[in-house]
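One structure is given here, and the rest of the page talks about it.
Bear in mind that the values here come from a model prediction, so they are computed numbers and not experimental data. One-based numbering, in listed order, for ligands and for the atoms of each.
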Amino acid sequence: MSKEVNELIKQAAIKAKQETDDEPEPGLTSEIEWPVEVKIGRGLEGAIATTTKIGYVNGAKGWLVYQGYNCFDLAEKSNFEETCYLLLFGKLPTDKELRDFTEKLTEYRHIPEATLDVLQKVVTPETHPMSALATGVSILGNLDSTADDTSVEAETDVSIKLIAQLATLAGAIARIRHGKDPVDPDPELSHAGNFLSLMTGQKPDEVLERIMDVALILHADHGMNASTFTTMVVNSSLSDMYSSVVAGIGSLKGPLHGGANERVLYDLQEIGSADNVESWFKEVRETKRRVMGFGHRVYKAYDPRARILGPIAKLMTDRNPKFKRLYETAIKLEEVVTRELGAEKKIFPNVDFYSGTVYRAMGIEIAMFTPIFAVSRIAGWTARALEYLADNRLFRPRAVYTGPIKAEYVPIDKRS
Ligand code: SDX
């Protein structure tokens with residue numbers, strides 16, 4: 001079945017090449033001289049925050065590269081551990097480098113008992129797992145005596161710790177929320193395999209492990225997205241990486257960003273079946289509601305990650321037929337939204353549209369969808385914060401002030 005997953009990815013890459021070219025956008029892939037002049041929209045749309053070698057999102061054409069390698073090749077041929085190494089260190093590792101890095105992840109995957117003790121006291125079934133994840137990272141920072149060493153070397157080690165431990169934290173939170181004890185990481189399993197086993201308490205089969213690995217590769221980095229930028233802004237004050245990542249988790253939780261993947265499932269459940277899509281969409285448009293999982297600040301083309309996750313969602317719902325209706329509803333919704341908003345507003349499925357159907361068909365509860373995103377994006381958050389730290393400058397934009405300038409102070413007894 002893993003061959004089947006690779007074949008899906010290959011076919012997705014061929015389709016992408018048939019539908020679009022991967023010519024980079026002018027002015028976004030060559031060195032620049034600061035200060036730069038750009039047109040900036042609200043929400044810093046179009047603003048250039050820095051230069052980077054970590055990754056490039058070709059929004060016009062719908063391509064994604066990490067350190068020059070395109071996401072289709074990495075999803076088909078790499079694994080999450082190797083992708084993390086690539087993002088952090090700028091090159092594909094040699095066999096020994098990958099073995100050493102993987103051994104470090106295995107060593108760091110265990111988290112201090114005290115962290116689990118606190119989570120078992122504060123996490124309830126009502127706790128949103130992303131809030132619990134932020135709490136867990138904050139506790140890890142409290143317990144790490146190296147946390148306040150903000151040298152690039154020390155923060156690189158903390159970054160590797162966090163890449164290893166976000167999966168352990170998320171797995172423990174998934175179990176504690178339901179009154180179950182956390183399980184220990186298994187040194188024999190891959191990162192993706194461990195993450196599934198830490199959540200479910202069972203060793204995953206090869207297909208589930210491979211699909212989780214592909215999902216983690218695809219979510220690892222994505223330019224100056226809100227949570228990556230948040231992480232970098234906090235780290236640019238020379239705060240510590242734990243504080244920066246706690247902030248990144250907070251940003252990713254929002255439904256306009258990483259939180260969209262769980263909202264898509266609620267939408268699909270609300271729609272109920274493919275037959276209801278047209279009427280549901282009509283009402284959504286009349287009430288100016290956003291269709292979760294569609295649209296993107298940068299992609300004005302089909303999100304390459306959705307090109308891979310869509311077919312994987314079909315594979316998983318074929319394997320788990322009770323979710324077939326969910327997939328059929330999603331396919332119909334894509335057809336309707338693309339018909340109505342694609343050409344006119346360049347609104348297409350983004351990474352969050354099919355990921356939830358994949359996870360649901362894997363037996364993962366909806367509340368854990370966004371934590372999965374964080375377990376992957378910790379790589380991009382830390383890689384970019386480290387890259388920027390090496391040539392740091394505090395992020396501090398301006399706002400245009402539109403209030404009064406010379407107000408006169410009125411004593412309280414004279415105020416109406
Ligand atoms: C992620 O940045 C990244 O790289 C993020 C990410 C990553 O890997 O880190 O790719 C992950 O966050 C993906 C996005 C997940 N969010 C959603 O799926 C939520 C639904 N999408 C939208 O809310 C929206 O598309 C955003 C927030 C993602 C982007 O919005 P923008 O760039 O701020 O666009 P906008 O709000 O200015 O909308 C422009 C127009 C508006 O119409 P008009 O008012 O001009 O008539 O497009 C419309 C919007 O109403 N529009 C949508 C829509 N998204 C935009 N209309 C209906 N449904 C939508 N989803």
Side-chain angles (χ1 to χ4, degrees), residues 28 40-47 49 52 54-60 62-66 71 74-75 83 87 130 215-232 248-268 271 277 280-309 330 333-334 336-357 369-381 383-384:
L28 284 167
I40 300 179
R42 274 178 4 92
L44 290 181
E45 180 162 14
T52 179
I54 305 275
Y56 166 55
V57 178
N58 186 331
W63 291 90
L64 169 62
V65 296
Y66 298 166
C71 69
L74 292 171
T83 300
L87 288 167
M130 286 296 278
L216 294 180
I217 292 169
L218 291 175
H219 286 81
D221 181 63
H222 208 249
M224 281 293 110
N225 62 84
S227 55
T228 295
F229 185 53
T230 301
T231 305
M232 290 173 68
I249 292 170
S251 169
L252 187 70
K253 180 184 176 195
L256 291 186
H257 187 15
N261 57 16
E262 69 173 65
R263 299 299 170 97
V264 169
L265 253 286
Y266 297 137
D267 280 357
L268 294 176
I271 295 167
V277 167
W280 181 86
F281 181 75
K282 187 167 172 295
E283 192 198 328
V284 155
R285 293 303 287 155
E286 281 158 7
T287 54
K288 289 256 181 245
R289 228 174 95 182
R290 294 294 172 93
V291 187
M292 293 287 119
F294 286 89
H296 200 276
R297 175 67 57 81
V298 174
Y299 284 127
K300 303 309 168 196
Y302 208 104
D303 187 327
R305 302 166 295 178
R307 285 185 184 277
I308 295 172
L309 291 167
L333 185 57
E334 174 185 343
V336 172
V337 176
T338 309
R339 182 192 73 211
E340 296 297 321
L341 301 174
E344 183 203 340
K345 290 179 176 278
K346 300 280 179 240
I347 289 175
F348 300 98
N350 60 48
V351 67
D352 291 313
F353 184 59
Y354 284 111
S355 56
T357 303
F369 289 2
T370 310
I372 295 171
F373 202 143
V375 165
S376 167
R377 188 54 57 86
I378 181 69
W381 290 337
R384 287 178 182 264

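- Residue contact annotation: Met224 has no non-hydrogen atom under 4.0 Å from ligand 1.
- The aromatic ring centroids of Phe373 and His222 lie 6.0 Å or more from each other.
- The backbone N or O of Ser227 lies less than 3.5 Å from a partner atom in the side chain of Thr231, making a donor-acceptor pair.
- Both the backbone and the side chain of Asn225 come within 4.0 Å of ligand 1, judged by heavy-atom distances.
- Considering backbone and side-chain N/O of Asp303, none are found under 3.5 Å from N/O of ligand 1.
- Only side-chain heavy atoms of Asn350 come within less than 4.0 Å of ligand 1; its backbone N, CA, C and O stay farther off.
- The protein reaches atom 3 (C) of ligand 1 closely, with a heavy atom under 4.0 angstrom from it.
- Under the 3.5 Å distance criterion, the side-chain polar atoms of Asn261 are left unmatched by any main-chain donor or acceptor of Ser355.
- Other residues, nucleotides and ligands contribute only 12 or fewer heavy atoms inside 6.0 Å of the CD atom of Glu283.
- Counting only heavy atoms, the protein never gets under 4.0 Å from atom 44 (O) of ligand 1.
- The residue among Arg377, His296, Lys345 with a heavy atom at the shortest distance from atom 5 (C) of ligand 1 is His296.
- Considering backbone and side-chain N/O of Phe294, one or more are found under 3.5 Å from N/O of ligand 1.
- Within the 4.0 angstrom cut-off, atom 26 (C) of ligand 1 has no protein heavy-atom neighbours.
- Within the structure, the closest approach of Pro255 to ligand 1 falls below 4.0 Å when heavy atoms are considered.
- Across the listed options Val57, Leu64, Leu218, Val291, Val291 owns the non-hydrogen atom lying nearest to atom 58 (N) of ligand 1.
- Taking a distance limit of 4.0 Å, we find that atom 37 (O) of ligand 1 is approached by no protein heavy atom.
- For atom 47 (O) of ligand 1, a protein non-hydrogen atom is found at a distance below 4.0 Å.
- For ligand 1, the polar-atom distance check finds an N/O of Leu256 within less than 3.5 Å of one of the ligand's N/O atoms.
- Taking any N or O of Gly293, backbone or side chain, at least one lies under 3.5 Å from an N or O belonging to ligand 1.
- With sequence neighbours left out, Asp303 forms a salt bridge (charged side-chain N to carboxylate O under 4.0 Å, His left out) with Arg305.
- For ligand 1, none of its N or O atoms has an N or O atom of Ile347 under 3.5 Å away.
- Partners of Arg339 by side chain to side chain donor-acceptor pair (under 3.5 Å), not counting sequence neighbours, listed by chain and number: Glu278.
- With contacts defined as side-chain heavy-atom distances shorter than 4.5 Å, the pair Leu341/Phe294 does not qualify.
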